[in-house]
Amino acid sequence: MSVFQLRKVFRSPICRKTASDYVSSIRFSRLIHSLGFATVKAKEISGSQPAEVHNLVQGKWINSANWNTIVDPLNGESFIKVSEIDESGIKPFVESLSNCPKHGMHNPFKFPERYLLYGDISAKAGHMLSVPEVSDFFAKLIQRVAPKSYQQALGEVYVTGKFLENFSGDQVRFLARSFGVPGNHLGQQSHGFRWPYGPVAVITPFNFPLEIPVLQLMGALYMGNKPVLKVDSKVSIVMEQMLRLLHDCGMPMDDVDFINSDGKTMNKLLLEAKPRMTLFTGSSKVADKLAYDLNGRIKLEDAGFDWKILGPDVHEVDYVSWVCDQDAYACSGQKCSAQSMLFMHENWSKTSLLRQLTDLAARRKLEDLTVGPVLTVTTGAMLDHMKKLLQIPGSKLLFGGEELENHSIPSIYGAIKPTAVFVPIEEILKGENYELVTKEIFGPFQIITEYKDNQLQLVLDALEKMHAHLTAAVVSNDPLFIQEVVGKTVNGTTYAGLRARTTGAPQNHWFGPAGDPRGAGIGTPEAIKLVWSCHREVIYDIGPVPQQWKIPPST
Ligand SMILES: NC(=O)c1ccc[n+]([C@@H]2O[C@H](COP(=O)([O-])OP(=O)(O)OC[C@H]3O[C@@H](n4cnc5c(N)ncnc54)[C@H](O)[C@@H]3O)[C@@H](O)[C@H]2O)c1
């Protein structure tokens, strides 16, 4: 949008309204036409009525000649056609990013009205996601492409809506709050500002098709950047629809570019367009490649091998068993925060915990998607991994370890029952086993081990050797135990206390890895400021020069 157009928008009566005026004025019409933005019907997408996903660049929805067909993860039908840009088609995206200067679309000295615009857009979009018809639409659309239970999918929409509500009104401008420090003499003051990077890129994976891209994209926009967004094509239909909702809520068409492509094409786009910052959420392998290719101009939310320790104090076995089951197997274990390893104090082995974990896992079924397709690991790969683990002395299969029954999940995806393999703690630490045991299996799969009172150091040694430090849980109400474990570990999102869990990335607390200077965060004001802005100091020194001042000797 040009300066002229922007001024026109802000002189328009709509822009003089407050966000809440606007929300109330649209409430009635939204209830009737709340899906006016949508171009697909979540439930009706099928092999005979395939949906189409388009690209957005320089303010226009475009197609390429190249259509990637996505198969329904539940039955293998070709149900979505994604218009994918190949390497020959990236020019408009490169040009679009290049048109954004380093100082961004807005900053505290340029178009501050846009902070308010994004407060308004967030208010409207947050409201839209709270309309049952709209939240149901997104929950069902998420379920179609990243199958998970309705409650898990709706949870994703809820968190996204609450996040948007959090940044309504003046909250976007408060993100860019500056501070001042008095100087050494009259007229001098230093001011610290949050400054945008300008052209940026957001790359996100398949498992949270709405929450991760919306939270990161909006953070980028709030701070004044111009993002190009790339979501895994398997699920990009969700963000395509969400962008249409955001446009409906007042987001200027040319503020965000949206590209569907394979990883290689996106990599090329990044090398040519040279975004000043890239936020990558996905596997550590791609993360490390991009960190190298982009000379470190990147922030990462990468793999999670997340652990939970059950401390020596045993309480509320039913509750803790239920949380363990949810952490390991909700969304078929495809949360980056899923519990990958459970360290159980021997006191817990004497309780019904393991039996309850077995029973809770057995309740999960394909019909309600409490267990379902695994989108990045095949059944064969998961079962092979299990077989390798079972060769470790003392290891045993606790439950699962079989393919799901009566399913039509295509063989490119995985379909196994929730699985737990026990491996003795002493064996985990052995050099020849450690890498195998701590390999992230992005599916319903966990390792369980046991430690005795005098073996806590072995547990801490195992944690010290891990390379990913995303989430963790210390299940204990013993403050000295919590202190010992939290003090000797680094995970970025650590829950401590009886109700501790590993999963849970709501909008109200920081979520992200620690122990890596490239680590990003998501969700909170601190995460947005860290990832999407840099510090700029302006030192005002306006004088006056003292009377009688004379040129001093050189120093
Ligand atoms: N830390 C977090 O917050 C978080 C959140 C979700 C998922 N994850 C992690 O993501 C992984 C699962 O997702 P995945 O297997 O689909 O990840 P992935 O790394 O294969 O893909 C992630 C995204 O990167 C794109 N991509 C792939 N190669 C690329 C390249 N060379 N250049 C640019 N883009 C490229 C993909 O198309 C996709 O959109 C797991 O390891 C999981 O732990 C982490």
Side-chain angles (χ1 to χ4, degrees), residues 53 68 70 82 84-85 87 90 93 145-146 148 156 159 201-213 215-216 228-236 238-239 258-273 275 278-294 298-306 331-340 374-378 381 412-414 438-443 445 466-472 491-493 502-506 509-516 518-523 527 531:
V53 183
N68 179 10
I70 306 294
V82 182
E84 284 206 350
I85 305 294
E87 292 187 16
I90 61 176
F93 292 88
V145 290
K148 46 179 101 169
E156 187 176 339
V159 168
V202 181
I203 303 173
T204 61
F206 73 89
N207 60 341
F208 285 90
L210 184 72
E211 182 182 336
I212 298 178
L215 270 56
Q216 292 295 9
V228 58
L229 170 66
K230 182 230 181 302
V231 181
D232 190 315
S233 290
K234 291 194 276 298
V235 302
S236 61
V238 178
M239 248 342 259
F258 176 64
I259 184 168
N260 297 297
S261 74
D262 59 16
K264 199 161 152 264
T265 303
M266 188 61 194
N267 210 144
K268 186 161 195 285
L269 168 61
L270 296 174
L271 291 176
E272 288 192 17
T278 293
L279 178 280
F280 175 79
T281 308
S283 62
S284 297
K285 191 169 157 227
V286 177
D288 286 338
K289 176 177 192 308
L290 289 178
Y292 182 81
D293 285 359
L294 302 175
I298 192 162
K299 291 257 184 242
L300 303 175
E301 295 262 21
D302 57 347
F305 189 83
D306 310 294
C331 298
S332 303
Q334 294 170 98
K335 295 186 185 186
C336 44
S337 52
Q339 175 180 306
S340 297
V374 174
L375 299 201
T376 52
V377 201
T378 60
I412 50 163
Y413 295 146
T438 57
K439 180 171 178 210
E440 183 193 31
I441 297 293
F442 214 46
F445 198 100
M466 285 180 188
H467 81 274
H469 305 292
L470 189 55
T471 73
N491 293 44
T493 303
T502 62
T503 57
H509 69 59
W510 168 282
F511 184 90
D516 184 341
R518 306 166 305 172
I522 188 168
V531 174

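Counting convention: from 1, in listed order, for ligands and their atoms alike. All heavy atoms count here, side chains included; hydrogens, waters and symmetry mates do not.
- Looking at Ile522 against ligand 1, nothing comes within 4.0 Å, counting heavy atoms.
- Close approach to Gly304 involves these atoms of ligand 1, each under 4.0 Å from a residue heavy atom: 43 (O).
- Under a 4.0 Å N-O distance rule, the pair Asp262/Lys268 does not qualify as a salt bridge.
- Here the straight-line distance linking atom CZ of Phe93 with atom CG of Leu269 works out to 8.0 Å at 0.5 Å rounding.
- Looking at Thr376 against ligand 1, only its side chain comes within 4.0 Å, counting heavy atoms.
- For atom 9 (C) of ligand 1, the nearest protein heavy atom (residue, atom name, distance) is Gly282 O, 3.4 Å.
- The backbone N or O of Asn207 sits less than 3.5 Å from a side-chain atom of Lys148, completing a donor-acceptor pair.
- Between Lys264 and ligand 1, a contact under 3.5 Å exists for no N or O pair.
- If you number the atoms of ligand 1 from 1 as listed, the ones under 4.0 Å from a heavy atom of Glu301 come out as 1 (N), 2 (C), 3 (O), 4 (C), 44 (C).
- At least one N or O atom of Gly263 sits closer than 3.5 Å to an N or O atom of ligand 1.
- Closest to atom 16 (O) of ligand 1 among all protein heavy atoms lies Phe206 CD2, 3.5 Å.
- Comparing Cys336, Ser337, Ala468 by heavy-atom distance to atom 4 (C) of ligand 1, the nearest is Cys336.
- Partners of Ser233 under the side-chain hydrogen bond (donor to acceptor under 3.5 Å, both in side chains) rule, at least two apart in sequence or in another chain, are Glu84.
- What you find for Leu300 and Ala287 is that their closest heavy atoms are CD2-CB, 3.7 Å.
- Under the ring pair (Phe, Tyr, Trp, His ring centres under 6.0 Å) criterion, His467 pairs with no residue, sequence neighbours left out.
- When all heavy atoms are compared, the tightest approach of Ala520 to Lys299 is CB-CB, 3.7 Å.
- Although no hydrogens or angles enter the test, the distance criterion places no donor-acceptor pair under 3.5 Å between the side chain of Ser332 and the main chain of Gly443.
- For atom 38 (C) of ligand 1, the closest non-hydrogen atom of the protein is Thr204 O, 3.6 Å.
- Side-chain atoms of Thr503 do not come within 3.5 Å of backbone N or O of Ser337 as any donor-acceptor pair.
- Each of the following atoms of ligand 1 lies closer than 4.0 Å to a heavy atom of Ala303: 41 (O), 43 (O).
- Of the protein's heavy atoms, Lys230 NZ, 2.9 Å lies nearest to atom 37 (O) of ligand 1.
- For Ala201 against Met266, the heavy-atom pair with the smallest separation is CB-CE, 4.4 Å.
- Closest to atom 12 (C) of ligand 1 among all protein heavy atoms lies Phe442 CE2, 3.6 Å.
- In terms of polar-atom proximity, Ser261 is not counted as a contact of ligand 1, lacking any N or O under 3.5 Å from an N or O of the ligand.
- At a heavy-atom cutoff of 4.0 Å, ligand 1 is contacted by no atom of Asp262, backbone or side chain.
- The atoms of ligand 1 that sit less than 4.0 Å from any heavy atom of Ile212 are 5 (C), 6 (C).
- Nearest-heavy-atom check against atom 1 (N) of ligand 1 across Leu269, Asn267, Asp302, Val202 picks out Asp302.
- Taking all heavy atoms of Thr281, Asp232, Val286 into account, the minimum distance to atom 22 (C) of ligand 1 is reached by Thr281.
- At distances below 3.5 Å, at least one donor-acceptor pair connects side-chain atoms of Gln216 with backbone N or O atoms of Gly521.
- Residue Pro513 comes nearest to Leu470 through the heavy atom pair N-CD1, 3.4 Å, listed as atom of the first residue, atom of the second, then distance.
- Considering backbone and side-chain N/O atoms, Glu440 comes within less than 3.5 Å of an N/O atom of ligand 1.
- If you check which protein heavy atom lies closest to atom 24 (O) of ligand 1, you get Phe280 CE1, 3.2 Å.
- Taking each heavy atom of Leu210 and Glu156 in turn, the nearest pair found is N-OE2, 2.8 Å.
- At the shortest separation from atom 13 (O) of ligand 1 among protein heavy atoms lies Pro205 CB, 3.6 Å.
- For the pair Val82 and Ser236, the tightest heavy-atom approach, listed with the atom from each and the gap, is CG1-OG, 4.1 Å.
- Of the polar atoms of Ser283, at least one N or O is found under 3.5 Å from an N or O of ligand 1, judged by distance alone.
- With ligand atoms numbered from 1 in the order given, ligand 1 contributes 3 (O) to contacts under 4.0 Å with heavy atoms of Phe511.
- Proximity of a side-chain donor or acceptor of Glu211 to a complementary backbone N or O of Val159 within less than 3.5 Å is not detected.
- For Phe208, the closest heavy-atom approach to ligand 1 does not fall below 4.0 Å.
- When only non-hydrogen protein atoms are considered, atom 25 (C) of ligand 1 lies nearest to Ile203 CG2, 3.8 Å.
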